[in-house]
**Q** 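Below is a structure I'd like to ask you about.
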Amino acid sequence: MAALAAIGPLGRHLPASMLLYAMGFILLIALVRRFPENLNPTQAWILVFAIGVCGRLLFLTYPPGNDIFRYIWEGAVQHHGLNPYAIPPDSPSAVRLAVGELGSVWEKINHRWLTAVYPPAAMLLFRLLAAISPSAFFFKAVFILFDLGVMALLVRLLRQRGLPAARLLLYAANPLVIVFTAGEGHLDVVQVFFLVLGCVLLQHRKIAGGASALGMAAMSKYLSAVAAPFLMGRGNGVKHLAVFAPLLLFIPYLDAGWGIFGSLAEFGARMHYNDSIAALFRECLGPAALPALAGLLFLCLAWVWLSVDDPLHSAFMAVGCVLLFLPTLHPWYLVLIAPFLCVFPSRAWLYLQAAALFTFPVMAGELRTGLFQEISWLKLPEYLPFYGLLLWGIVRQGYLVRERRFAAPVSISVVIPVLNEAAHIERCLSAIPVGAPVCEVIVADGGSTDETVAIARANGVRVVHSEKGRGIQIAAAAQTAKGDVLLILHADSLLRAGAAERIIRALSAAPDAAGGCFGMAFEGGGIATRGIAWLNNLRAMVTGIAFGDQAQFVRAEALRRIGGVPALMLMEDVELSLRLKRIGRAIYLKRGVTVSGRRWQRGFSRRNFLMVVGLFFRYLLKRRLGLNPDERGNYRKYYGSNI
């Protein structure tokens, strides 16, 4: 990093800059993986913080990027009574101010025909800093202070979540953060400071303060606004309104009218650079690309909002979605994702930050010719590996490092919820292996009136009685279970040979996994049932949300941490999946269970499918809004009025 700082702007010595930047990320990964474990926590945090401070000081005299001169200009002209949202730098009333020191700043401003694009908190900060010292060095020094503030807040956040000091390196020693914040002096670190401040305050249940900080983040740079709905949980509705308080910062600039957003609209609609999804949409859809892009982004954000339970994780995913859908993605925009990587160290996003080096030739061309011209083919090595790693990460949670959270399991308790399952229970029990690793089989009866209980006892299994309701029955049996793992099996399902052993091996190899499920297939049936099974398995593999017919399994230790199996009449499988994802990842194992196709072989496949999908999304929506689901109504709708 010292060598990278010494050779100057990234485009001046192109091969050396690209090599040194890549080596910086290789060193970062080595530091995270090999960080000394024999240090006491205080020593570790101090060491990491010192590494971050030293890295930033190396770049204090680094040549600033062009954007910083617009910051200085927009701050300085406010002292002359000009509104930067109304008057662009190339207007006659502004040009007359371009003399002396401010003249040299004006010469380096890009897009002089555009009015200000940054939100009002940024504009007021520019005004304050320009009043003290309208110099690039001073602006950079202040941004570095914000950057150090981010590091201090991340220490608090990581300690709250029980994560080691080595995780802070992913921000403190991140070459992208250092180069584009301490080096080029981009504003993005200010929004990151307020965003992380909001996360810390909300985690301490300081709702109004946390909401205000999130509002300030959005008023520093609009991109961070997407995180607010995901970070602010249910309840405390009035206090959450504090997120809107920073909108008052627009008041000094209201004489510009809707011109406040004029350049932002032009920037978003007409300009593009280093984009991926937006470029594909433009190529395929032409003028319809922008609305289609917005629609797909909305669907992605809605799914994250509904299905990801951890507020910080959902904010991370939301920010990632927005960055990928942007028509312009400058490397320094990725500073916004950097603090999340300390908690969720995604290989894909670390690669994309490192792959910013493929934009360096564009910077070299601008230095040499004065023209900013995208080199489209360089997006291939930048984005193809990234999306490959992203897909792998979705399926396998491809994190750079994982903490050992759980001990290796040895035994399994199988729990089967039943209600009048005499026709299926014996066949289900016969497919369960006798002996290790299965230590017991518990049939959880909800009031059967047929021979179900008698058949279960004749097969030598324990029967537990409870009120009717799948989750209620499973919860009652789980309280008496002795195994290290609870395997939930439906009575019309057949466990495949070796499935129990596969659970033990998978959980032993993944000490960060709280549980998981199997891929399922229907007995018999045709194209419709195969398609439904494929969609079922895809959902579980991609989202970690399992349905009960996929033989969910969960560590007993993880179950204790979340307060046991959710005692719901229906949708306990979805609720269990969502709660488990807060404390560990979900494992998906292929081809582990075969399920009766009785619900899909009555000529009502489409109706049943739509009903299940409707119940699923209705439950997620009510859950997110803090509303109580109609458990009995849903139960009757799913199982029939005669149950």
Side-chain angles (χ1 to χ4, degrees), residues 64-75 78 84-85 110-111 114-130 139-140 142-147 149-150 153 171 176-177 179-182 184-199 211-231 243-250 253 260-268 271 273-275 297 301 315-316 318-340 353 356:
N66 286 342
D67 282 358
I68 205 167
F69 298 104
R70 179 171 277 272
Y71 307 160
I72 297 170
W73 174 265
E74 290 176 348
Q78 291 181 65
Y85 289 117
N110 51 28
H111 307 308
L114 290 178
T115 55
V117 71
Y118 303 106
M123 303 303 293
L124 290 171
L125 176 64
F126 299 160
R127 181 172 184 170
L128 173 63
L129 299 185
F139 272 63
K140 279 180 52 175
V142 171
F143 293 158
I144 289 174
L145 290 177
F146 274 102
D147 202 13
V150 173
L153 290 168
Y171 185 89
L176 180 134
V177 176
V179 169
F180 292 106
T181 296
E184 293 200 350
H186 290 281
L187 167 71
D188 300 69
V189 71
V190 178
Q191 70 170 337
V192 170
F193 172 82
F194 286 111
L195 179 60
V196 179
L197 176 61
C199 292
S212 298
L214 295 180
M216 283 297 296
M219 291 298 96
S220 300
K221 199 165 184 182
Y222 294 116
L223 280 179
S224 55
V226 70
F230 298 88
L231 289 169
V243 73
F244 299 108
L247 290 174
L248 295 173
L249 298 177
F250 276 113
Y253 306 102
I260 289 175
F261 305 106
S263 291
L264 181 67
E266 182 174 349
F267 188 79
M271 299 185 184
Y273 168 69
N274 195 39
D275 51 347
L297 175 59
L301 293 177
F316 164 55
V319 167
C321 286
V322 169
L323 290 174
L324 295 181
F325 278 77
L326 287 176
T328 296
L329 184 64
H330 289 294
W332 50 89
Y333 290 10
L334 295 173
V335 172
L336 182 59
I337 206 83
F340 294 103
Q353 288 185 328

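Index from 1, following the sequence. Values reported hereafter were calculated over all heavy atoms of this structure, with side chains retained and with hydrogens, waters and symmetry mates removed.
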**Q** Aromatic contact between F250 and F261, with the criterion being ring centroids under 6.0 Å apart: yes or no?
**A**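 For F250 and F261, the ring centres are under 6.0 Å apart.
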
**Q** List the atom of S212, the atom of P246, and the distance in Å for their closest heavy-atom pair.
**A**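 The pair with the smallest heavy-atom distance is O-CG, 3.6 Å.
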
**Q** Check whether E184 reaches the backbone of W332 with its side chain - one donor and one acceptor, N or O, closer than 3.5 Å.
**A**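 Side chain of E184 to backbone of W332: no pair is present.
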
**Q** What are the two closest heavy atoms between E266 and L114, and how far apart are they?
**A**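 What the structure gives for the nearest pair is OE1-CD2, 3.4 Å.
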
**Q** What do the steps show when you test V319 against F230 for side-chain contact (heavy atoms from CB on, under 4.5 Å), and what is the final call?
**A** CA-CA 10 Å; V319 167; F230 298 88; over 6 Å; no

**Q** Examine distances only and state if a side-chain atom of S263 and a backbone atom of T115 form a donor-acceptor pair shorter than 3.5 Å.
**A**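 Yes, because the side chain of S263 sits within donor-acceptor range (under 3.5 Å) of the backbone of T115.
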
**Q** Over all heavy atoms of both residues, which pair between D67 and N110 is shortest? Give the atoms and the distance, please.
**A**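 So the minimum-distance heavy-atom pair works out to OD1-ND2, 3.3 Å.
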
**Q** Do you know which two heavy atoms are closest between P64 and F69, and how far apart they sit?
**A**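 Taking every non-hydrogen atom into account, CG-CZ, 4.0 Å.
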
**Q** With no hydrogens and no angle check, is any side-chain donor or acceptor of N274 less than 3.5 Å from a backbone partner on H330?
**A**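 Such a contact is absent between N274 side chain and H330 backbone.
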
**Q** If only atom types and distance count, is the side chain of S224 paired as donor or acceptor with the main-chain N or O of A217 below 3.5 Å?
**A**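 At least one qualifying donor-acceptor pair exists.
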
**Q** Side-chain contact, heavy-atom cut-off 4.5 Å: L329 with L323?
**A**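 Yes, close enough: below the 4.5 Å cut-off.
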
**Q** Can you name the closest pair of heavy atoms from A116 and M123 and give their distance?
**A**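 Between these two residues, the closest heavy atoms are CB-CE, 3.7 Å.
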
**Q** Would you check if L195 and F340 make a side-chain contact, meaning some heavy-atom pair closer than 4.5 Å?
**A**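 Side-chain contact under 4.5 Å: yes.
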
**Q** If you measure from CG on L231 to CZ on F316, what distance do you get to the nearest 0.5 Å?
**A**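 With rounding to 0.5 Å, CG (L231) is 13.0 Å from CZ (F316).
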
**Q** For residues L187 and A122, report the shortest heavy-atom separation together with the two atoms involved.
**A**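 Here L187 and A122 meet closest at CD2-CB, 3.8 Å.
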
**Q** Side-chain contact, heavy-atom cut-off 4.5 Å: L223 with L326?
**A**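 Counting from C-beta outward, L223 and L326 do come under 4.5 Å.
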
**Q** Verify, without hydrogens or angle tests, whether Q78 (side chain) and E74 (backbone) share a donor-acceptor contact under 3.5 angstrom.
**A**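 Yes: the side chain of Q78 pairs with the backbone of E74.
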
**Q** How far apart are the C-alpha atoms of Q353 and I337, what are their side-chain angles, what is the distance that settles it, and do they pass the side-chain contact (heavy atoms from CB on, under 4.5 Å) test?
**A** CA-CA 9 Å; Q353 288 185 328; I337 206 83; 3.6 Å; yes

**Q** What distance separates F143 CZ from T181 OG1, expressed to the nearest 0.5 Å?
**A**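 Taking CZ in F143 and OG1 in T181, the distance rounds to 9.0 Å.
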
**Q** Test side-chain contact (heavy atoms from CB on, under 4.5 Å) on Q191 and Y118 and set out the steps.
**A** CA-CA 11 Å; Q191 70 170 337; Y118 303 106; over 6 Å; no

**Q** Is the F139-Y71 ring centre distance short of 6.0 angstrom?
**A**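 No; Y71 has its ring centre 6.0 Å or more from that of F139.
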
**Q** Rounded to the nearest 0.5 Å, how far does CG of L124 lie from CG of L128?
**A**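 Going from CG on L128 over to CG on L124, the span is 9.0 Å.
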
**Q** With the side chain counted from C-beta on, respond yes when K221 and Y333 share a heavy-atom pair under 4.5 Å apart, and no when they do not.
**A**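 A side-chain contact under 4.5 Å exists here.
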
**Q** According to the interplanar angle, ranging from 0 to 90°, do the rings of F193 and F146 count as parallel (below 30°), tilted (30 to 60°) or perpendicular (above 60°)?
**A**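 If you compare the ring of F193 with that of F146, the planes turn out perpendicular.
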
**Q** Enter the distance from L125:CG to S220:OG here, rounded to the nearest 0.5 Å.
**A**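 If we round to the nearest 0.5 Å, L125:CG and S220:OG are 7.5 Å apart.
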
